[in-house]
Amino acid sequence: VAVLNAQNVRIEPLDNNTSNDDFAPSFTNHGRVIILTTDVNGNGQRLRIMERTSSGWTSAVELRGDVNSSTHSGAATLTPDGQRMFFSSYENSADGYGRTDIYTSTKSDGKWTNVTALPMGINSEDYDANPSITADGRTMYFVSDRKGGSGGTDIYVASFDGKTWAKPKLLAGVNSAQNEMSPVIASDGKTLYFASNRPGGAGGFDIYVAKISGTAASDVRRIGDPINTAADEMFYAALPNSDQAVLSRTTSSGDFDNFTVTPNPFPSEPVTLVEGVVQHVTTKAPIGADITVTDLVTGKKVAALRSDDQTGQYYVTLTPGRVYSVTASAPGYVFHSERFEVPPGAKGASQRKDLDLSPLDGGSDRILVFFDYDKSELKSESVPELERIIELMRENPDLRVRFEGHTDDQGSDDYNDKLSERRATAVKDYIIAGGVPAARLDAKGFGKRQPRMQGSSDEARAANRRVEMRIVK
């Protein structure tokens with residue numbers, strides 16, 4: 001294993017270290033929040049939270065809710081939206097399968113609830129811990145000392161299809177006859193940091209970095225001084241799109257503390273960070289909504305997340321060079337979708353996209369359907385949105401809607417009236433084909449008489465070419 005030089009790096013204590021063990025700092029909300037683990041006065045490990053402010057980090061406080069209802073809870077990983085957590089726990093009040101198991105919890109009204117053990121397969125009768133989830137929530141890395149490994153604790157990888165977890169596999173290329181611990185997958189989904197006490201290190205556990213492809217790792221390298229020392233180093237995590245990382249290290253007094261690493265000599269690849277607020281269209285009150293991100297070229301759902309039900313804030317990490325739809329939906333509201341193009345050069349960028357929701361009672365919204373210029377045939381990119389309309393109609397059997405077509409300012413009134421009517425009718429026909437009774441649907445064309453944006457710029461014309469869905473009952 002090659003050794004990577006890490007000179008000219010500052011290692012400084014992270015705020016809120018105590019005289020007991022403090023370890024496993026995990027970023028969420030694009031680096032604004034850290035969840036960490038602290039051994040509270042010898043009474044067991046507990047998950048705590050601290051938030052970044054203009055003057056540093058807030059004091060660390062225990063997470064509210066049920067995640068700490070155990071002898072030990074720690075080593076958490078969170079989805080980028082900060083709404084779902086995976087963590088290790090020993091003797092949790094929610095039944096598990098082995099000595100230490102991996103649990104999941106969701107955030108509601110500021111509290112972490114719905115604590116459940118991940119299924120058998122992820123968990124075993126042995127030690128299963130140190131989970132790390134990818135930014136899309138579809139792949140988890142964790143450690144286990146179950147039978148069939150390379151020796152000691154090994155790193156495993158498992159995939160999630162949105163409903164069920166696949167059987168975990170040993171991560172090829174990283175495991176040794178010794179102990180591998182604390183895998184942390186970076187926001188790019190390609191860079192993995194982990195700790196190992198294999199021979200050849202500086203002492204105890206050292207930090208290694210590897211590149212991931214599928215269920216295998218390559219280019220495994222041990223990081224050099226001053227990151228690795230004679231002490232134990234573990235839980236190395238890179239802040240997205242930043243020159244900073246954090247790690248946990250044993251101190252001269254024998255306990256673990258957390259430290260910052262600046263600059264991070266081995267950063268992950270830059271990603272595009274998208275954030276915003278889901279809110280009521282008129283009152284601007286925050287809404288806790290389910291958010292779906294779909295690749296409009298492939299039609300595949302690439303991320304599922306939630307906005308915070310107290311602040312309405314959401315966070316998601318996207319791959320540049322693709323075109324997405326971002327859809328927010330909540331009970332009692334018309335779902336809202338935005339087309340979101342992330343150009344190839346947007347790596348490392350942060351973008352904001354607020355999403356306004358209209359109430360189902362008399363609400364309306366533009367729907368994300370696409371037509372070629374001067375055509376009324378629906379393009380394939382329209383399918384995810386159309387299917388969402390069908391689902392909305394099935395979930396609300398008394399709902400009646402009207403699809404309203406609009407054009408830009410080019411062409412005659414008569415021509416645009418007919419084109420907009422054909423486009424609205426194309427949407428209606430698709431919904432009928434999906435099993436929704438025609439009596440619940442109507443279509444009308446308004447041509448260019450109701451522009452959404454005044455002017456004849458490309459931006460105005462693009463905004464005005466649209467189909468809206470209006471709730472009529």
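Everything quoted here is computed from the prediction, not taken from an experiment.
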Check your understanding: At their closest point, which heavy atom of Val220 faces which heavy atom of Gly173, and how far apart are they?
Key -> CG2-O, 3.4 Å
Review point. Is the shortest distance from a Lys or Arg side-chain nitrogen in Asp417 or Arg449 to a carboxylate oxygen in the other one below 4.0 Å?
Key: yes
Review point. Counting distance only, does the side-chain N/O of Asn464 pair as donor-acceptor with the main-chain N or O of Met453 below 3.5 Å?
Key: yes
Check your understanding: Between Ser412 and Asp414, do the side chains contain an N or O donor and an N or O acceptor separated by less than 3.5 Å?
Key -> no
Practice item. For the pair Trp165 and Phe86, name the ring-plane relationship: parallel under 30°, tilted 30 to 60°, perpendicular over 60°. Key: perpendicular
Check your understanding: Would you say the side-chain atoms of Asn123 pair up with the backbone N or O of Ile102, donor to acceptor, closer than 3.5 Å?
Key -> yes
Exercise for review: Keeping the roles fixed (side chain from Ser382, backbone from Val369), state whether a donor-acceptor pair exists under 3.5 Å.
Suggested key: no
Practice item. Calculate, to the nearest 0.5 Å, the distance between atoms NZ and OG belonging to Lys169 and Ser159 respectively. Key: 7.5 Å
Point to revise | Asp356 and Lys284 ion-paired at < 4.0 Å | key: yes
Review point. Does NZ or CZ of Arg32 fall inside the cone over Tyr315's six-membered ring, less than 6.0 Å from its centre and within 45° of the axis?
Key: no
Check your understanding: For residues Ser456 and Asp409, is any side-chain donor paired with an opposing acceptor at under 3.5 Å?
Key -> no
**Study point:** Nearest heavy-atom neighbours spanning Gln454 and Ala460
**Key:** O-CB, 3.8 Å
**Study point:** Side chain Tyr314, main chain Leu355, donor-acceptor under 3.5 Å
**Key:** no
**Study point:** Nearest atoms (heavy-atom pairs only) where Phe340 meets Gln351
**Key:** CZ-OE1, 3.4 Å
Practice item. Taking Thr37 for its side chain and Ala75 for its backbone only, find out whether a donor-acceptor pair lies under 3.5 Å. Key: yes
**Study point:** Any donor-acceptor pair under 3.5 Å from Ser132 side chain to Tyr141 backbone
**Key:** no
Study note, to complete from the structure: Closest non-hydrogen atoms of Asp354 and Gly276, given as atom of the first, atom of the second and distance, are OD1-CA, 3.4 Å
Check your understanding: For the side chain of Arg440 and the backbone of Leu399, is there at least one donor-acceptor N/O pair under 3.5 Å apart?
Key -> yes
Exercise for review: Any chance you could measure Met85, atom CE, to Leu78, atom CG, to the nearest 0.5 Å?
Suggested key: 5.0 Å
Check your understanding: Considering only heavy atoms from C-beta outward, does the side chain of Phe87 approach that of Asn92 to under 4.5 Å?
Key -> yes
**Study point:** Trace of the side chain to side chain contact (heavy atoms under 4.5 Å, CB included) decision for Ile35 with Leu63
**Key:** CA-CA 9 Å; Ile35 306 291; Leu63 290 178; 3.8 Å; yes
Review point. Counting only heavy atoms not in Lys353, do more than 12 fall under 6.0 Å of its NZ?
Key: yes
**Study point:** Check against side chain to side chain contact (heavy atoms under 4.5 Å, CB included), Arg84 and Thr104
**Key:** CA-CA 7 Å; Arg84 189 175 189 194; Thr104 184; 3.0 Å; yes
Check your understanding: Heavy-atom distance under 4.5 Å between the side chains of Asp128 and Ile122, does that happen here?
Key -> no
Point to revise | Criterion side chain to side chain contact (heavy atoms under 4.5 Å, CB included) against Thr100, the qualifying member of Ser144, Ser88, Ser70 | key: Ser88
Review point. Are Arg465 and Asp408 within salt-bridge range, i.e. N to O under 4.0 Å?
Key: yes
Practice item. Side-chain contact test, heavy atoms from C-beta onward, threshold under 4.5 Å: evaluate it for Tyr324 versus Val274 and give yes or no. Key: no
Review point. With side chains defined as the heavy atoms from C-beta onward, is the minimum distance between Leu118 and Asp101 less than 4.5 Å?
Key: no
Point to revise | Minimum heavy-atom distance Phe235-Ser248, with the two atoms named | key: CB-OG, 3.8 Å
Exercise for review: Please confirm whether the backbone N or O of Ser337 pairs with a side-chain atom of Ser325, one donor and one acceptor, at under 3.5 Å?
Suggested key: no
Check your understanding: Ala60 and Leu36: which non-hydrogen atoms are nearest, and at how many Å?
Key -> CB-CD2, 4.3 Å
Exercise for review: Tell me, with the steps shown, if Ile49 and Val61 meet side chain to side chain contact (heavy atoms under 4.5 Å, CB included).
Suggested key: CA-CA 6 Å; Ile49 182 174; Val61 296; 3.8 Å; yes
Practice item. Please indicate whether Asp361 has more than 12 foreign heavy atoms, meaning atoms of other residues, nucleotides or ligands, lying under 6.0 Å from its CG. Key: no
Point to revise | Between Ser73 and Ser89: side-chain donor-acceptor atoms closer than 3.5 Å | key: yes
Exercise for review: Answer yes or no: is there an ion pair linking Glu391 with Arg388, defined by an N-O contact shorter than 4.0 Å?
Suggested key: no
Exercise for review: Answer yes or no: is there a donor N or O on one side and an acceptor on the other, between the side chain of Asp309 and the main chain of Asp109, under 3.5 Å?
Suggested key: yes
Check your understanding: Does OH in Tyr127 sit with more than 12 non-hydrogen atoms of other residues, nucleotides or ligands closer than 6.0 Å?
Key -> yes
Check your understanding: So Ile389 and Met469, side chain to side chain contact (heavy atoms under 4.5 Å, CB included) or not? Walk me through it.
Key -> CA-CA 9 Å; Ile389 297 171; Met469 179 175 67; 3.9 Å; yes
Exercise for review: Taking atom CD of Gln310 as the centre, report whether more than 12 heavy atoms of other residues, nucleotides or ligands fall under 6.0 Å from it.
Suggested key: yes
Check your understanding: Are there more than 12 heavy atoms of other residues, nucleotides or ligands under 6.0 Å from atom NZ of Lys211?
Key -> yes
**Study point:** Criterion ring pair (Phe, Tyr, Trp, His ring centres under 6.0 Å) against Tyr236, the qualifying member of Phe194, Tyr208, Tyr193, Phe23
**Key:** Tyr193
Check your understanding: Under 6.0 Å from the CG atom of Asp161, do we count more than 12 heavy atoms belonging to anything else shown?
Key -> yes
Exercise for review: Look only at the side chain of Ser420 and the backbone of Glu404, and say whether a donor-acceptor pair between them is shorter than 3.5 Å.
Suggested key: no
